[in-house]
Amino acid sequence: MVINIIILIALVTAALWTAMTTRLLRSAVGLAITSAILSILIFRLASPIAAVFELSVCAGLIFAIFIISITVTQRVTPEAFETRKKERMTKFWPLPIIVIIAAVVLTQIHFQTTFNLPAQTTPNDVKIILWNLRHLDLLGQIVILLTGAFGVVILFKEWKNG
Amino acid sequence: MLSLFLLLPFLGIIALNLPVKGRRDAAAFLYTLSLSIGQAIVVLFNPGDFWAKPDFWGGFFNLGLYADNLTFVMLLSIGIVVSTAVCVGWQTISDHRQRLNFYNLVLIALIGMNGTVMLTDIFSLYVFLEVTAISSFILIAFHRDLNALEGAFKYIVLSALATVLMLTSIAALLLFSGGTSFAAVSAAVKSNSGNVIVIIAVSLFICGLFIKGGLVPFHGWLPAAYSAAPAAVSILLAGIVTKVAGIYVLIRLVRDVFGPISEISSVLMLVGTFSIIVGALAALKQDNFKKILAYSSISQVGYIVLGLGCGSPLGIAGAIFHLFNHSIFKSLLFVNSAAVEKQTGSTDITKMGGLGSRMPYSNATNLIAIFSTSGIPPMAGFWSKLVIIMALWQMGHFTYAAIAILVSVITLAYLLAIQRKVFFGILPQELKHIKEAGIWIVIPAVTLAIIIIGTGLCFPLLFKSFLMPVSSFFK
Amino acid sequence: MNANMLLLPVIIPLLAGILILLVRRLRGIISLLATGSILIIAIALFKQQLTYSLPWLGFGIDFNLRLYPFSAFILLSITALSFLVMLYSCSFMQGKNYLNQFYAYFLITIGLASGAVLADNLVLMLFFWEGLLITLFGFIAIGGKDAFKTATKMFIIVGVSDLCMMIGIGIVWYLTGTMTISTLNVPLNTLGCTAFVLMMIGAIAKGGSMPFHTWIPDAAIDAPLPFMAILPGCLEKLLGIYLLVRITMDMFKLTPGSLLSSLLMIIGAVTIVLAVMMALIQKDYKKLLSYHAISQVGYMILGIGTCLPAGIIGGLFHMINNALYKNCLFLTAGSVEKQTGTTNLNKLGGLWSKMPVTAVCFLITAASISGVPPFNGFFSKEMIYGAALERGTIFYIAALLGSFLTAASFLKLGHAVYFGKRNQENENTRESSLPMLIPMIVIAAVCVFFGLYNRFAVSYFLEPVLAGQEFTEHTSTLLIALTVIVLIVAILHHIIGAIVNGSGVKAADHIHHAPVLSGIYDRAEKRFFDPYEIGLKIVSIASNILFFLDRAVDWIYDGFTVKLAYGLSGAIKRLNTGNYSLYIIWSLLGGLIILILMFKGFGS
């Protein structure tokens, strides 16, 4: 339980960093870290299949968002960069407070779900799930990573040069 | 053995990016071309037992792939359209590095599409749709000009919306099904029909697919993306990517997973008809060659969805046949637009005229494609539209059938406007020097035209042996 | 005699015609050989009774040919006259255009006409009959620059009447259940009468009677002359009257005094008088003759319409006489045209000494047509007069008036062409060549022969047609005297007219310019009374109205719909602003609508 809470705090910290960082690349890395921590958390909560899905979704979404950002943003001037760096703290200060308040509220409410969830049919081991049951997804994830690499090569790198 | 369709392109990507000296772009071209043509030929001539065998390297790569007749039709279309795009790409992209990147991305798109049509799991479906979509984003923005970036951006935004909708839907469906396989989801949907959450999940999934397929009113991204993309990418995108990502998945899910529920049917027919009308009307007033084709694509996709919504085996068979035909004739139209764009440097049809005398192959093949699109016998498009309309008639949807027939006339009107303004009429002075666009555009154009006519003429043969079996294991 | 022989008169000309179209040379020899051979066959077949049958379309429609005295006689006339006109054409048509087509049409026409005469099945007959319509069209159409219009006019008039006949045949089939002509006996109830009238329209329209005549004078100007000589001059009369006799005698068995008989006689009488009135004022050789071609049909219809044996024999005798002299008259016109280059009466004159043979042939045949004794026309007309008088004095008077005007117009014609002052341009005119003279001489000689030996002609050729019915001539000395008086009056009238009006051409101008008649004539010349022209006017008014309606409907399709489509298209284009947030809103709205639809569907 203690470990879970530590992981949860790490998750929130990583998410906040992702939102507040000034560089795109750091932001993306932050998102990846957040996603990874979330997967660990889900796995620890005995839902390995959901953990695997979380990894897959993030692999796709990270790169989707990554490339969106790259293609639509302009490079800022150093002065603007400095001012933004200063504004950052003033701009994002409500965020941690909102997170804390939300956490308190959520712990006070007891969710009552009425769903009759079907019985667990998959083995409870993430290795088995990843390599034996979902290896098609694994292939897909690898290809998405490759695509992201190409995207960086084609769009980002040469965009910088041009 | 089905995993070969995924592994060969994958290995190709790895091999092509090894740091080896030499003309890697030519190697990439040859590899991609032979792979896609090989896929078409292999599927066409050996659809039987070979593919049902397990992989000879044992269980490791046993990816749980599955192929039925619908899959084979899609694999065939993918092979044909990808090889066309590969040829046109060689002709229209001149830089060696860019060519190599282009073929890498095409191979990725090939993996994405092949995976999409062969898998049997609703979550894997999401993964492979992402593979296809992300490679398409980069392909659209390939030349990094402002228009292309804008088109790519619109596609990304709406595609992301589609992804969110589909993921929400998958999450909701997981509440009822033990797993994410088609069989489990299908069973869950059937046993929980009428459940509010299931209905919402199914609706959201279908909405997501409508966005991917570009149906009205989810089509906003489509004209911009099609017209802004490089010529070869337009072919890929219009010919097959959106058809696999949107329409094939729709057919597969409606037919095998959600089942042809009457509510889904009526929604499909409504959206299909709406797309047919809006797409055709919007195409009437466009001046841009590729934009007309883009709106025409919306309209034709409407026919497919209308046939699917009809729900009868004949209607689904017609929809699949029209899907195949559409990928052929729309590719051919985009090949010709690529030829014209390459030679004149423009896609504005008001500035052209009389190119038919200079580009006889483009002229003739374009006319064939137009006739097929408008459903004029004996072209292939006539038969598929006929089957769809007959299916509608059989099921008593007379209004939809009448609209489908009427809009065919508008289709002919706007497509003939292209033919008249671009290929007929008087040649402007500044276009006197125009020649036929190179061999790698002419060859695919002629091949596609032959496929159109051949399919049209052999239709009576195909109907029993090829078309009806597509919907034979209709549940 | 082998029954297969019956096929030859049909097949030989058809094959020869096709051969000419394919080979494109030796047309004269092929044509003469073909027509000559069928003439020999027709002579050989004469007085034979043969039937030939071949299964054809089924449903009681077989390829039945039947030769009996009547059809044998008509066949003989057709082949003989065709041969002579063909001989004439070989010389006359030299240097003209479309020769291959001309000969091919000629031969095919003969083949089809033979087929129509021999056919013993109504549908088979109709088959040949309609085929004739096509060759007729081709014949006129090769004539010249205005010919196509005339050909169209003919096609519509004859086509409509053929359509009437087709309907008539349909009714006959409905009434009797058979198509075989020789076994038909149609009851004359209301439907039967309708059928008769419809078939009669087909027959008399082929014959060129009023009011189906208006294309003939036009064709006289446009079409090649041998065409006029052979088709309106003889073949069409033979066919039309043949069919008329068949339907009145065999198929329907009209009785004297019946309403239909009177109808026929009225048509005949009106045709005689009106057509000859028009003939009188013509200033063109061929056109004048063409009106006579119409007028003479009136006599035949009048004679047959009496339904008395004498009248029918008179009608038939007149038919063959008319075929002979009208043919010969057209040939003389061709002879004059060939040698002088014109048929305008004002430019002709005094050809007597230059073209004596032609002139003599003309005189004999003109006397025949005017009914001067002892030529053949006199005897046939006398028989018709007698029969007509028996049915009603008014018919007799009409016939006699026609006779007077015929004589007057031919006096005018002969005077204008062969006598009187010679035109300067015609000083060097010479007699025509031998191939053109021989047919004229032969026909004129036959005219004389049929006049002198009229009893023989009637009893040898015509009496078998009646198949045993006795006929008594109604002629009397009084009638003959009246005819002679009328002729003398006509001559006197011409002499006085020529002196008063100044020349032979203008001898009848006082009739032309008579107070009431002049107005009628003017309008008739302007085709005021032409049913075709009237029809055209009605059609053009109707088409104007329809055109207006069509524009309105067209506007709905072409204007309104297109505007609507473009308006919608423009609206859609404006909606596609390119703003992606708008697209997202659309998509979400669409999703919402779909959700609502799905729930509505499940709720109901």
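Proteins get letters first, then strands, A, B, ... in listed order; numbering begins at 1 in each. Values below: every heavy atom of this structure, side chains too, minus hydrogens, waters and symmetry copies.
Between B/Glu263 and C/Met598, the shortest heavy-atom contact is CG-O, 3.9 Å. For the residue pair C/Tyr583 and B/Trp221, the shortest heavy atom distance occurs at CD1-N, 3.9 Å.
In this structure, chain C has heavy atoms under 4.5 Å from both the backbone and the side chain of B/Ala282. No part of B/Ile277 comes within reach of chain C, as not one of its non-hydrogen atoms sits under 4.5 angstrom from that chain. In this structure, chain C has no heavy atom under 4.5 Å from any part of B/Phe274.
Here the OG atom belonging to C/Ser587 is positioned 5.0 Å from the CG atom belonging to B/Leu158, to the nearest 0.5 angstrom. Atom CG of residue C/Leu592 and atom SG of residue B/Cys207 lie 9.0 Å apart, to the nearest 0.5 angstrom.
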Problem set entry | Verdict with reasoning, C/Ile584 to B/Phe218, per side-chain contact (heavy atoms from CB on, under 4.5 Å) | CA-CA 8 Å; C/Ile584 294 177; B/Phe218 308 91; over 6 Å; no

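Side-chain contact between C/Phe599 and B/Val196: present, with at least one pair of heavy atoms (C-beta onward) separated by less than 4.5 Å. Side-chain contact between C/Leu588 and B/Leu161 is present, with heavy atoms from C-beta onward closer than 4.5 Å.
For the pairing with C/Leu595, the side chain to side chain contact (heavy atoms under 4.5 Å, CB included) check across B/Val267, B/Ile200, B/Val202 returns one residue only, B/Ile200.
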